[in-house]
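Here the structure is laid out as structure tokens; the discussion comes afterwards.
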Amino acid sequence: MVENTHMTLNLSLARKLFNASSFNLFSLPAIVRQLDPIKAISSEFRASLYTFFNHCYSSSPLHQDSYLEKAKSHHAVDPDAIFESLIDNSTHKSHLNQIHSQLLVSGSLDSLILTTKLINKSSNLGEIRYARNLFDEFCNPDVFLWDAIIRSYSRRDMFGDALEMYTNMQMAGVSPDSFTFMHVLKACSGLPALEMGWQVHAQIFRHGFQSDVLVQNALVALYAKCGQIGLSRVVFDDLCDRNVVSWTSIISGYAQNGEPMEALRIFSQMRHSSMRPDWIALVSVLRAYTDVEDLQQGKSVQGCVIKMGLEYEPDLLISLTSMYAKCGQVTLARSFFDQMEIPSVILWNAMISGYAKNGFAEEAVDLFREMISKKIRIDSITARSAILACSQVGSLELARWMDDYIMRSEYSDDVLVNTALIDMYAKCGSVDLARIVFDRTLDKDVVVWSSMIVGYGLHGRGREAIDLYYAMKQDGVCPNDVTFVGLLTACNHSGLVEEGWELFHSMRYFGIEPRHQHYACVVDLLGRAGRLDEAYDFITNMPIEPGVSVWGALLSACKIYRHLTLGEFAAKYLFTLDPYETGHYVQLSNLYASARLWNHVGKVRVLMKEKGLTKDYGYSLIEINGKLQAFRVGDKSHPRYKEISEELEKLEKRLKEGGFVPHAESVLHDLNYEETEETLCNHSERLAIAYGLISTPPGTTLRITKNLRACVNCHAATKLISKLVNREIVVRDAKRFHHFKDGFCSCGDYW
DNA sequence: CTAGGGTTAG
């Protein structure tokens, strides 16, 4: 039979080829192509060929179950189909390379379809340059090929290149399709480039895509990413055939633009329409609830998740973890975190940042360490969250460890990570180490400069903060509102009243509108100079309603200068604005105590009781050999308590000999001073110092962290101690750092 | 011959 002869011929040819070349899977399509032009092939022939394929595939690194399935059908012997399957199953650039050369051998390269597939696969494997090379081999790419290369760039976040290819495409006279617009718009939102987006929008009209759901959805996302949520809404409202993506885009758009309530409103509209949300839609909705911090409602979405059987969707677990972590429900968040089996950086980041944000800094650091020991790849967000946690722990040793880790990681040049390190060192007590990070940071942006300025301010090194500000301007970097918060704080903490006043007024030259914090700093400045009436005038002339920070600054100043009427006035505002903040009551109580108005002190205590407020007990932490030890008065649980109290007695004796007299008011009226900062502080600071003295070699700097602000007595005592024992003592209180040395403090006795 | 939307952080 003729057919049979053909078959035998072809099979023998195939065998010959098989034996001749060191045969591999990739040459299979070329062999099959040699078998052409046999179109009608008998089932017997196919069976033989199938055995052949089977042999090839089983010895190949690519497992082709899907292909073997296809091979049983008659399409299997189509070489292009084999190529297609090979491309689909490639996992490495070397595979693509072999396929490419076989395409050239078999003369299939003119098949745009296969090349498009090859380009798409290259970009999915991250081989963007290779994809571009493939593209460049074509003289007349069609729209699909253009789409493939634009998509490749866009998906790799190379938005500029994507837009450049789009321009080239237009110059080549190729008409875009909906996919072109989709990817071009994605590139515009990635940059983001609103102007370009507008131009593309016009072209979309010209090409008649105004009711194409794909393109319109991309427009909704574009305008949302550019902060033009109103325009997103217009596009969304004009869309008659909305799908689940349209709804998700507008919901997440509102959530991203700080309008979570509107996002949730649209979600309920969506539920009233017959549109069923999928898991991505639910992720967006959860994000909106996260911003609203409405746990009750968030839980109802969790119910929705379970009802739809999506509770094992990994990304929904991430969103639920993140939502609960952000709302402070870290235990609940942890239970979702623990449910997830596949490792995901985003999930770990959500948990770490959740811990850090809610005062569980140690847990955050532990989780970060666990991540490293489990060899889970971190990203720059992990690094930043972990660094943030370290700055809250406050241990300089931990800070050093973190810096060392980052320096050896791929994030040593990451500007955002370095900014976090600067902030961390400053908050862990060493502004000089912060400066080293600052100096090694390349391409300093305004945030890097500002962090360093804020750091100097925190430590009362106002001169250096101001010098750095001039250096920054010299460097051509424009200050922002945060820069000025740092500068003004620095001036406050260093007593640079005139400089601060001038800086405040220079803000308008940079077009920066002062915010509450800036006004509070000025009030603080004037207050420090004793110019209380001026401070009050300043407040009454503020263009914005004075808030807690402003009145708080005034009250502090009144306490220092014992200005009763003005202090009471400020306190009245504070109690209205923020009735449950213990600190304000303590401040007022201190004001009364300093004026020896003991019955007023008592009244404040009653006021606190009525509100159900309890005082925060003071404690001090000291870091010894990288370990933090906590002290509060009367706490005898420390294993070295006896030695500590002996040292303390010695210290008190030497203080007395050195002429230290405790603040008279607080000693006189034991019964009434219960709520003042003196009792709250409880001199835990001195316990920590005593422990530090007996646990470290002479001359070692002591680093102490307190939860409250410095109290007058402890501050005076610590100054003297630093001189008596010849040690530098660094104390971080709730607001700032004090560097005690030779009987002086860097704060100049004003805080 | 391609999917498109989302999650961390600031």
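Note on naming: letters A, B, ... go to the chains in the order of the sequence lines (proteins, then strands), and numbering restarts at 1 for each one.
Side chain of A:Ser344 to main chain of A:Leu347: a donor-acceptor pair is present (N/O by atom type, distance under 3.5 Å, no hydrogens or angles). The main-chain N or O of A:Gly253 is found under 3.5 Å from a side-chain atom of A:Asn257 such that the two form a donor-acceptor pair.
A:Thr116 comes within 4.0 angstrom of a base, heavy atoms only. As judged by a 4.0 angstrom heavy-atom cut-off over every strand, A:Lys121 is placed among residues making no nucleic acid contact. Across all strands shown, A:Val244 has heavy atoms under 4.0 Å from base atoms, whether or not it also approaches the sugar-phosphate. Counting non-hydrogen atoms under 4.0 angstrom, A:Arg242 reaches nothing in the nucleic acid. Nucleic acid contact for A:Asp142: none, since no nucleic acid atom lies under 4.0 Å from a heavy atom of the residue. Among the atoms of the strands shown, none is found under 4.0 Å from any heavy atom of A:Trp247.
At B:dA3, none of the side-chain N or O atoms of A:His183 fall inside 4.0 Å of OP1 or OP2 (strictly under the cut-off). Contact check, A:Gln216 against B:dG4: no side-chain N or O comes under 4.0 Å of OP1 or OP2. Remark: A:Lys186 is not in phosphate contact with B:dG4, judged by side-chain N or O atoms under 4.0 Å from OP1 or OP2. Listed pair A:Arg287 / B:dG6 fails the phosphate criterion, with no side-chain N or O lying under 4.0 Å from OP1 or OP2. For the OP1/OP2 pair of B:dG10 and a distance below 4.0 Å, the side-chain nitrogens and oxygens of A:Arg384 include no atom meeting the criterion. The phosphate of B:dG6 has OP1 or OP2 within less than 4.0 Å of a side-chain N or O from A:Ser252. Note on A:Lys326: a side-chain N or O is less than 4.0 Å away from OP1 or OP2 of B:dT8.
Under the 6.0 Å cut-off for aromatic ring centres, A:Phe337 and A:Tyr355 do not qualify, their centroids lying 6.0 Å or more apart.
For A:Ser249 against B:dG5, a side-chain-to-base donor-acceptor contact under 3.5 Å is absent. A:Asn243 contributes no side-chain N or O that forms a donor-acceptor pair with the base of B:dG5 under 3.5 Å. The base of B:dG6 sits with one of its N or O atoms less than 3.5 Å from a complementary donor or acceptor on the side chain of A:Asp315.
Classification of the A:His92-A:His95 ring pair by plane angle, with boundaries at 30° and 60°, yields perpendicular.
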